[in-house]
Visitor: 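Would you mind keeping the following structure in view while I ask a few things?
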Amino acid sequence: MAYYYPEPSHTFSEYLLVPGYTSEECIPDNVSLKTPLTKYRKGVEEPAISLNIPMVSAIMQSVSNDTLAIALAKEGGISFIFGSQSIESQAAMVAKVKNHKAGFVVSASNLTPDATLEDVLALKEANGFSTVAVTEDGTATGKLLGIVTGRDYRVSRMEGTEKVSSFMTPREKLVTAPAETTLKEANDIIWENKLNSLPIVDENDHLMYFVFRKDYASHKANPQELLDSQKRYLVGAGINSRDYAERIPALLAAGADVLCIDSSEGYTCWQAKTIAWVRENYGETVKIGAGNVVDRDGFRFLAEAGADFIKVGIGGGSICITRETKGIGRGQATALIEVAAARDEYFKETGIYVPICSDGGIVHDYHMTLALAMGADFMMLGRYFARFDESPTPKVLVNGAYMKEYWGEGSNRARNWQRYDLGGKTKLSFEEGVDSYVTYAGTLHDNVEASLYKVKSTMCNVGVINIPDLQRDAKLTLVSSVSIVEGGAHDVTLRSTNSSK
């Protein structure tokens, strides 16, 4: 007879944290969100990789590219560059993150002199950047011929067909700096010459980077940056259980710091074989996460296989329809609670602490605190990051509101059939994800800062100032459907935000 769980599985929204004693030290400024990313002998050694904030970005086409990876590393988290692309293009994205010099920005808006004012305006609308490099071939590394900024044109007084060459600031009038210029030297040049941007060029006058005045303050404002021993940003990469023997060497050569098997279900022989190949060829030097699982058995299987961290969650993502199409999965809160208990049990037996990642089900900011309290060491977020400027999808106007495109790796648009590989020759024959929009939310920095301040504030209410203490001391209570209603605004008539108009 099939096994039936005695209790229904629950989601984050069905739980609340009960406040604990708040002492004088329990203020948000004192809270540390540092957390392990990879397994280690707790109490004996430090993890090979730790995060400064408990956030990683999902292995998705519409979320994790090099741009978002750099932005998240600045905040103290890490991105996993999506693997549903060619090995060459994924490795190139990883290399861009590793080669990114803090404060030195590869030009994102580039045109040739024959482009028009309309092209300039279209670029600005597409990516929001007002500085456009004019190069001989229109690339980010072409020979520098000039720069266009908002000070170089007046839309009301110019024709859209006017050539860029007629109104750009030409090369001979630009202040530039050579390739060996340090960030301090670049900032000194900017301040001495009252510049907004400084192009860095090589010996052949090809553009390499921009250093922006505004980034000086931004760099100082990111003390949590996640850096390797060479002061480069950390970056992860997603892999599958099919072409790992070809993909992994290329990703490591590009500089990937950690890998993660991207799969809808991780309790499989395919994941064990993938991890075994890594251990056989690289030993413990290459860090690799696995998943996803929703119970003790799945966790034990991957831990014993040698995974460095394990993802928890099936069917809880906002664009995931695995539960609808296949009838498998589990409520995210229940899955996380059971796997966290299995993680602690495994640690007591072996002395090895295997971090777990809560993947899916995060709708509200307070769900993050609940996930951490239930035992997650960090969270993998897709929809959350897809809303920001730095995600790879365009900002579009839908019914009068700005949105960002967001689609699942199991959707027909992504065509990531390797993620749902069951070992046969048949590729994706039905969808497990949807194609959608999410509401545009602005910059990653502003939103992450606001979300994590809420997490820190709640932790202070609980009476703790670090994640391990939260996991040990938190008190959680299940809430009824009636009390969920009670928790929001009720029995009042809300004032319209447009009432003053």
Side-chain angles (χ1 to χ4, degrees), residues 36-41 45-51 56-59 64 69 78-95 97-98 228-229 234-293 298-312 339 343 346-347 350-357 359 377-378 380 409 416 418-423:
L37 177 71
T38 56
K39 69 182 179 184
Y40 67 111
R41 294 188 178 277
E45 61 186 7
E46 291 298 312
I49 304 176
S50 292
L51 303 171
V56 305
S57 67
I59 311 169
S64 294
I78 198 169
S79 290
F80 286 88
I81 304 294
F82 69 93
S84 52
Q85 58 179 317
S86 72
I87 295 173
E88 294 75 19
S89 60
Q90 187 185 20
M93 284 190 181
V94 169
V97 180
K98 299 307 292 186
D228 64 16
S229 59
L234 264 63
V235 62
I239 62 169
N240 61 66
S241 56
R242 281 275 180 163
D243 66 4
Y244 54 84
E246 296 79 36
R247 189 173 293 268
I248 290 176
L251 294 174
L252 296 176
D257 297 285
V258 59
L259 308 172
C260 185
I261 304 171
D262 180 28
S263 176
S264 66
E265 205 272 294
Y267 191 3
T268 72
C269 61
W270 316 114
Q271 294 221 359
K273 288 180 178 179
T274 304
I275 298 169
W277 184 89
V278 169
R279 297 294 175 241
E280 181 181 344
N281 288 275
Y282 300 99
E284 295 292 333
T285 60
V286 170
K287 305 304 178 184
I288 179 170
N292 287 20
V293 300
F299 171 86
R300 294 287 303 209
F301 175 80
L302 291 177
E304 290 166 2
D308 284 290
F309 66 84
I310 295 171
K311 292 199 297 167
V312 181
V339 172
R343 184 264 321 277
Y346 186 79
F347 169 65
T350 66
I352 298 173
Y353 185 90
V354 182
I356 59 174
C357 168
D359 181 15
D377 295 284
F378 56 96
M380 180 169 277
E409 289 296 293
N416 184 8
Q418 293 93 337
R419 191 173 194 272
Y420 304 88
D421 182 25
L422 293 176

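Heavy-atom basis, side chains included; hydrogens, waters and symmetry copies ignored. Since the model is a prediction, treat every value here as computed from it, not as a measurement.
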Visitor: Could you please spell out the steps behind the side-chain contact (heavy atoms from CB on, under 4.5 Å) verdict for Ile261 and Ile275?
Guide: CA-CA 9 Å; Ile261 304 171; Ile275 298 169; 4.0 Å; yes
Visitor: Do Ser57 and Ser64 pass the side-chain hydrogen bond (donor to acceptor under 3.5 Å, both in side chains) test, and can you show the C-alpha distance, the side-chain angles, and the key distance before you say yes or no?
Guide: CA-CA 6 Å; Ser57 67; Ser64 294; 2.6 Å; yes
Visitor: To the nearest 0.5 Å, what is the distance between CD1 (Ile248) and OG1 (Thr274)?
Guide: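 Answer for the CD1-OG1 pair, Ile248 versus Thr274, is 7.0 Å.
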Visitor: Quick one: which residue pairs count as a salt bridge (charged side-chain N to carboxylate O under 4.0 Å, His left out) with a foot in residues 247-261, not counting sequence neighbours?
Guide: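 For residues 247-261: Lys98-Asp257, Asp243-Arg247.
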Visitor: Determine the minimum heavy-atom distance between Gln271 and Gly291, stating which atoms define it.
Guide: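 Closest heavy-atom pair between Gln271 and Gly291: NE2-O, 2.6 Å.
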Visitor: Pick from Val56, Ile288, Ile59: which one makes a side-chain contact (heavy atoms from CB on, under 4.5 Å) with Cys260?
Guide: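 Of the listed options, the one satisfying the test is Ile59.
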Visitor: Do you know the tightest heavy-atom contact between Met93 and Phe82?
Guide: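 In this case the closest contact between Met93 and Phe82 is CE-CE2, 3.9 Å.
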Visitor: Report the relative orientation of the aromatic rings in Tyr282 and Trp277; use parallel for angles under 30°, tilted for 30 to 60°, perpendicular for over 60°.
Guide: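 Perpendicular, since the angle between the ring planes exceeds 60°.
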Visitor: For a quick test of reading the model, state the closest non-hydrogen atom pair linking Asp359 to Asn292 and the distance between them.
Guide: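 Nearest pair, atom of Asp359 first, then Asn292: OD2-ND2, 2.9 Å.
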Visitor: Say you draw a straight line from CD of Glu304 to CZ of Phe299; how long is it, rounded to the nearest 0.5 Å?
Guide: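 The distance works out to 9.0 Å.
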Visitor: Would you name the heavy atoms of Tyr244 and Lys273 that are closest together and state the gap between them?
Guide: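 Tyr244 and Lys273 have their closest heavy atoms at OH-O, 4.1 Å.
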Visitor: Any donor-acceptor pair under 3.5 Å linking the side chain of Lys39 with the backbone of Lys287?
Guide: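 Not a single qualifying donor-acceptor pair exists.
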Visitor: I'd like to know if Arg41 pairs up with Glu45 as an ion pair, taking the criterion as any Lys NZ or Arg NE/NH1/NH2 lying under 4.0 Å from an Asp or Glu carboxylate oxygen.
Guide: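 No.
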Visitor: For Glu46, does the CD atom have more than 12 heavy-atom neighbours from other residues, nucleotides or ligands under 6.0 Å away?
Guide: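 Open.
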Visitor: Just jot down the salt bridge (charged side-chain N to carboxylate O under 4.0 Å, His left out) partners of Arg279, sequence neighbours excluded, or say none.
Guide: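 Listed in chain order: Glu284, Asp308.
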Visitor: Would you check if Trp270 and Asn240 make a side-chain contact, meaning some heavy-atom pair closer than 4.5 Å?
Guide: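 The answer is no; the side chains never approach within 4.5 Å.
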Visitor: Output the distance between atom CG (Leu37) and atom OG (Ser50), rounded to the nearest 0.5 Å.
Guide: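 The distance works out to 8.0 Å.
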Visitor: I would like to know whether Phe378 and Ile78 meet side-chain contact (heavy atoms from CB on, under 4.5 Å); could you show each step before the answer?
Guide: CA-CA 11 Å; Phe378 56 96; Ile78 198 169; over 6 Å; no
Visitor: Do you know the tightest heavy-atom contact between Tyr267 and Val293?
Guide: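 The pair with the smallest heavy-atom distance is N-CG1, 4.3 Å.
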Visitor: Within the distance-only criterion (no hydrogens, no angle test), does the side chain of Ser263 pair as donor or acceptor with the backbone N or O of Glu265 below 3.5 angstrom?
Guide: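 Yes; at least one donor-acceptor contact below 3.5 Å.
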Visitor: What pair of heavy atoms forms the shortest contact from Ala237 to Leu251, and how long is it?
Guide: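 Reported closest heavy-atom pair: CB-CD1, 3.8 Å.
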Visitor: With a 4.5 Å heavy-atom cut-off, do Val258 and Leu234 have their side chains touching?
Guide: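 No, every pair of side-chain atoms sits at 4.5 Å or beyond.
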Visitor: Determine, stepwise, if the pair Ile310 / Arg343 fulfils side-chain contact (heavy atoms from CB on, under 4.5 Å).
Guide: CA-CA 10 Å; Ile310 295 171; Arg343 184 264 321 277; over 6 Å; no
Visitor: Say you draw a straight line from CD1 of Ile356 to CZ of Phe309; how long is it, rounded to the nearest 0.5 Å?
Guide: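 That separation rounds to 12.5 Å.
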Visitor: Between the side chain of Gln90 and the main-chain N/O of Ile239, is any donor-acceptor distance below 3.5 Å?
Guide: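 Judged by distance alone, no pair lies under 3.5 Å.
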